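Working notes, beginning with the structure itself.
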Number of protein chains: 2
Amino acid sequence: MQLTQDKKKRGRPAKSGRDTTQTKAALITSGVEHFTEFGFASSGLDQILKKVSVPKGSFYYYFANKEAFGLAVIAHYDSYFSRKLDSHLKNTQLPVAQRLLSFVDDAKAGIEKYDFNRGCLVGNLEQEVAVLPDSHREKLFLVMQGWQGKISTHLKDICPNVKQDECESLAEFFWIGWEGAVSRCKLVRTTQPIDLFVTHFIKLIEK
Amino acid sequence: MQLTQDKKKRGRPAKSGRDTTQTKAALITSGVEHFTEFGFASSGLDQILKKVSVPKGSFYYYFANKEAFGLAVIAHYDSYFSRKLDSHLKNTQLPVAQRLLSFVDDAKAGIEKYDFNRGCLVGNLEQEVAVLPDSHREKLFLVMQGWQGKISTHLKDICPNVKQDECESLAEFFWIGWEGAVSRCKLVRTTQPIDLFVTHFIKLIEK
């Protein structure tokens with residue numbers, strides 16, 4: 001996907017029967033689907049538009065340029081994934097020590113649902129960050145900081161005697177390993193790498 | 001990069017002054033450089049050929065098709081990386097407990113040398129394995145098995161009391177986290193993620 005720096009709003013809304021908010025949301029959803037499966041560079045804008053029947057001429061009505069589209073896709077994925085994390089880590093129906101495993105089971109089910117073809121959008125884009133605009137790098141960094149904060153808070157809850165900076169370090173370790181495990185799941189087409197990673201991670205925090 | 005399944009050998013050797021062995025090696029080196037920086041899908045064959053001044057018509061003299069080229073690039077990288085690993089893990093000039101850290105320092109220097117733009121070829125291709133031919137998936141799996149075997153043997157050397165299957169599991173954990181850490185280095189443009197990962201990994205094996 002070539003990036004352009006067009007700033008001027010142009011194009012016209014798509015005549016699809018959807019209102020403009022729905023069309024913009026459909027474009028973002030299509031972007032998430034393509035980027036989680038193929039990454040940014042391999043995802044053609046034509047395919048993303050075709051999936052939701054939006055003509056190319058209308059794209060620029062919704063997004064100033066492809067860079068802005070990428071940022072909107074990352075923000076949407078962050079919002080979805082942060083809600084998923086919170087729904088497990090703050091689930092008072094579960095004992096606190098089981099909440100991380102509950103998230104892990106949910107994530108594994110998602111990976112299996114898409115037949116091991118879709119990974120983590122943030123992990124995919126991180127891998128190809130050298131060819132993305134700087135704004136994407138900054139956004140991905142902030143998203144990862146947010147996810148790390150959630151795991152760090154959770155670790156402090158389950159291990160109150162562990163110092164704050166150690167919880168933050170372990171949270172960073174968790175996401176580094178998590179992205180490696182999700183990537184390995186694509187290769188071996190099972191969720192065993194996630195199980196193996198999480199088993200050792202739990203041994204480490206119980207240390 | 002589109003893949004073709006051409007089986008028939010065609011084309012002619014490049015008139016570059018190099019002999020055919022040198023030209024084939026130059027093509028593979030160019031492939032490694034591009035795939036470690038951009039991955040397979042974002043690496044145009046034209047750029048790979050241009051780097052070593054080989055016309056497109058000559059490419060098929062050296063490789064049956066692009067799939068065969070990809071396999072040759074992976075095999076070359078595996079050979080280079082396995083030698084690097086052995087040069088540290090079997091370095092009798094160093095105490096056995098320092099050899100893994102010696103490899104880590106070497107790898108970090110390589111990442112810095114290329115300004116955090118090049119990652120691990122295997123990690124890059126694993127991330128985009130859904131769009132690669134099945135032969136690449138199988139080859140990447142075997143390569144990773146080989147690297148895991150080397151780390152497993154090393155862990156058995158430094159922790160003789162740890163059972164064989166636990167050494168193998170920890171070795172798999174090492175490479176899962178390693179690929180995540182190398183990817184994170186690209187994002188943050190420092191080697192701090194590798195230091196953080198290795199620090200916690202060592203805590204785990206000392207457990």
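Both backbone and side-chain heavy atoms feed into the values below; hydrogens, waters and symmetry mates do not. So you know, we letter chains A, B, ... as the sequences are listed, proteins then strands, and number each from 1. Since the model is a prediction, treat every value here as computed from it, not as a measurement.
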Output the distance between atom NE2 (B/His200) and atom OG (A/Ser169), rounded to the nearest 0.5 Å.
2.5 Å

State, to 0.1 Å, how close B/Gly123 and A/Ser183 come at their nearest heavy-atom pair, and which atoms those are.
O-OG, 4.4 Å

More than 12 heavy atoms of other groups within 6.0 Å of B/Lys90 NZ
no

What distance do A/Glu138 atom CD and B/Leu187 atom CG have between them, rounded to the nearest 0.5 Å?
10.5 Å

Got a donor-acceptor contact below 3.5 angstrom from the B/Arg137 side chain to the A/Lys186 backbone?
yes

What is the distance from atom CD1 of B/Ile176 to atom CD1 of A/Ile176, rounded to the nearest 0.5 Å?
14.0 Å

Sort B/Phe173 into side chain, backbone, both or neither according to what part of it lies under 4.5 angstrom from a heavy atom of chain A.
both

Can you tell me which portion of B/Leu125 sits under 4.5 Å from chain A's heavy atoms? Options are side chain, backbone, both or neither.
neither

More than 12 heavy atoms from other groups under 6.0 Å of NZ on B/Lys50:
no

Structural part of A/Trp175 lying under 4.5 Å from a heavy atom of chain B:
both

Between A/Val188, A/Leu170, A/Leu196, which residue shows the highest count of heavy-atom pairs closer than 4.5 Å to chain B?
A/Leu196

Top contributor to chain B interface from A/Met144, A/Arg118, A/Glu179 [non-hydrogen pairs under 4.5 Å]
A/Met144

Is the number of heavy atoms from other residues, nucleotides or ligands under 6.0 Å of B/Phe81 CZ greater than 12?
yes

What residue pairs, at least two apart or across chains, pass salt bridge (Lys or Arg N to Asp or Glu O under 4.0 Å) with a residue in residues 104-117 of chain B?
B/Lys84-B/Asp106, B/Asp105-B/Lys108, B/Lys108-B/Asp195, B/Asp115-B/Arg189

A/Arg184 and B/Glu126 ion-paired at < 4.0 Å:
yes

A/Gln192-B/Glu172 side chain donor-acceptor pair, cut-off 3.5 Å
yes

